[in-house]
S.K.: 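I am attaching a structure below and will ask some questions about it afterwards.
From a predicted model like this one, the values you see are computed outputs, not experimental measurements.
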Amino acid sequence: QVQLVESGGGLVQAGGSLRLSCAASGDTICISTMGWYRQAPGKEREKVATIDSGDNTYYADSVKGRFTISRDNAKSTVYLQMNSLKPEDTAVYYCNTQGFRFCAAGSWGQGTQVTVSA
């Protein structure tokens with residue numbers, strides 16, 4: 001099982017920036033896709049951004065043009081650069097991994113709080 005360690009969350013004013021980091025350990029060779037999800041109080045968890053082994057990216061419409069996902073394969077780390085933050089971005093952000101076939105590399109991070117004040 002892959003273990004994930006997140007960092008970078010915090011409190012920021014609207015219009016500010018944060019960079020989230022998620023470092024994976026364990027069977028990292030089996031990781032295919034890495035990504036970020038978020039969940040606000042009383043709301044369902046939603047997919048924010050993902051990046052696969054071919055560096056194909058996905059972004060939710062609500063964050064396009066503001067967030068950028070990237071990965072460092074040598075360090076088995078995924079990043080989420082968040083710019084022009086809005087109060088509606090406030091949520092707990094979770095790192096996620098998916099594995100290739102026959103690899104048990106799916107995992108979730110503990111979550112990191114991002115709070116954006118108006």
Side-chain angles (χ1 to χ4, degrees):
Q1 184 67 47
V2 171
Q3 297 185 59
L4 305 175
V5 179
E6 301 168 331
S7 62
L11 175 65
V12 65
Q13 291 185 323
S17 298
L18 287 173
R19 186 177 71 169
L20 305 183
S21 299
C22 174
S25 61
D27 296 325
T28 58
I29 192 173
C30 289
I31 297 174
S32 60
T33 300
M34 305 184 77
W36 293 92
Y37 293 68
R38 67 186 182 187
Q39 187 168 24
K43 299 182 180 180
E44 296 183 350
R45 187 172 299 186
E46 64 174 337
K47 182 163 63 178
V48 176
T50 62
I51 183 168
D52 67 14
S53 59
D55 289 331
N56 299 300
T57 58
Y58 160 87
Y59 296 97
D61 288 341
S62 59
V63 306
K64 286 182 178 178
R66 300 188 298 119
F67 291 10
T68 302
I69 189 170
S70 61
R71 66 191 294 174
D72 184 335
N73 293 326
K75 297 180 179 180
S76 299
T77 300
V78 63
Y79 304 93
L80 186 67
Q81 179 66 46
M82 304 185 294
N83 298 325
S84 301
L85 284 163
K86 304 175 180 179
E88 48 263 46
D89 295 317
T90 296
V92 177
Y93 284 70
Y94 297 90
C95 182
N96 170 260
T97 59
Q98 300 178 49
F100 292 106
R101 190 177 182 181
F102 304 123
C103 290
S107 185
W108 289 94
Q110 293 289 87
T112 183
Q113 177 70 47
V114 172
T115 302
V116 184
S117 61

S.K.: Hey, what do you get for CD1 (I31) to CG (L4), rounding to the nearest 0.5 Å?
M.R.: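 Rounded to the nearest 0.5 Å, the CD1-CG separation comes to 7.0 Å.
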S.K.: Quick check: does any side chain N or O of T115 sit under 3.5 Å from a backbone N or O of T90, one acting as donor and the other as acceptor?
M.R.: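 It does not hold such a pair.
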S.K.: To the nearest 0.5 Å, what is the distance between OH (Y93) and CG (L18)?
M.R.: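 Here the interatomic distance stands at 9.0 Å.
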S.K.: Considering non-hydrogen atoms only, spot the tightest contact between T97 and A105 and give its length.
M.R.: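 T97 and A105 have their closest heavy atoms at OG1-O, 2.8 Å.
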S.K.: Regarding D61 and K64, does a basic nitrogen lie under 4.0 Å from an acidic carboxylate oxygen?
M.R.: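 Counted as a salt bridge, because a side-chain N and a carboxylate O are separated by less than 4.0 Å.
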S.K.: With the side chain counted from C-beta on, respond yes when M82 and V114 share a heavy-atom pair under 4.5 Å apart, and no when they do not.
M.R.: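 Yes, at least one pair of side-chain atoms sits under 4.5 Å.
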S.K.: Check A49 against L80 and note the closest heavy-atom contact, atom names and distance.
M.R.: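 Looking at all heavy atoms of both residues, the shortest contact is CB-CD1, 4.1 Å.
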S.K.: Other residues, nucleotides and ligands only: do more than 12 of their heavy atoms fall within 6.0 Å of CD on Q110?
M.R.: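 Count not over threshold, so no.
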S.K.: Step through the shown structure and confirm whether more than 12 heavy atoms of other residues, nucleotides or ligands are within 6.0 Å of CD on Q113.
M.R.: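 Yes.
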S.K.: Which heavy atom of A118 sits nearest to which heavy atom of A14, and what is that distance?
M.R.: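 Smallest heavy-atom distance, with atoms named: CA-CB, 4.4 Å.
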S.K.: Judged by atom type as modelled, is there a donor-acceptor pair below 3.5 Å linking the side chain of Y59 to the main-chain atoms of I69?
M.R.: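 Such a contact is found between Y59 side chain and I69 backbone.
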S.K.: Okay, side chain of S84, backbone of R66: is any donor-acceptor separation there less than 3.5 Å?
M.R.: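 Not at all, since once roles are kept as given, no pair shorter than 3.5 Å links the two residues.
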S.K.: Heavy atoms, side chains only, cut-off 4.5 Å: are W36 and C95 in contact?
M.R.: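 Yes, side chains in contact.
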S.K.: When rounded to the nearest 0.5 angstrom, what distance separates NZ in K75 from OG in S25?
M.R.: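 It comes to 15.0 Å.
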S.K.: About how many Å separate CG of N96 and SG of C22, when rounded to the nearest 0.5 Å?
M.R.: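 The SG atom of C22 sits 9.0 Å away from the CG atom of N96.
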S.K.: Kindly check if the number of other-residue, nucleotide or ligand heavy atoms within 6.0 Å of CD1 (I29) is above 12?
M.R.: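 Not buried by this count: 12 neighbours or fewer within 6.0 Å.
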S.K.: Is the shortest side-chain heavy-atom distance between Q3 and S107 below 4.5 Å?
M.R.: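 Answer no - side chains too far apart.
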S.K.: In Å and rounded to the nearest 0.5 Å, what is the CZ to CZ distance from R38 to F67?
M.R.: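 Those atoms lie 5.5 Å apart.
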S.K.: Is a side-chain donor or acceptor of N73 paired with a backbone partner of S76 at a separation under 3.5 angstrom?
M.R.: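 No; zero donor-acceptor contacts below 3.5 Å.
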S.K.: With the side chain counted from C-beta on, respond yes when M34 and T77 share a heavy-atom pair under 4.5 Å apart, and no when they do not.
M.R.: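 No, side chains not in contact.
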S.K.: CD1/I51 to CG/N56 distance, rounded to the nearest 0.5 angstrom?
M.R.: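 So the gap between those two atoms works out to 8.5 Å.
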S.K.: Look at atom CD of Q13 and say whether more than 12 heavy atoms of other residues, nucleotides or ligands are closer to it than 6.0 Å.
M.R.: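 Open: at most 12 neighbouring heavy atoms sit under 6.0 Å from CD of Q13.
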S.K.: Mind listing the closest non-hydrogen atom pair of G109 and Y94 along with its distance?
M.R.: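 Of all heavy-atom pairs spanning G109 and Y94, the closest is O-CD2, 3.7 Å.
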S.K.: In terms of hydrophobic clusters joined by side-chain contacts under 4.5 Å, are V63 and V116 together?
M.R.: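 In one cluster with V63: V116, yes.
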S.K.: What pair of heavy atoms forms the shortest contact from S32 to R71, and how long is it?
M.R.: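 Shortest heavy-atom separation between S32 and R71 comes out as O-NH1, 3.1 Å.
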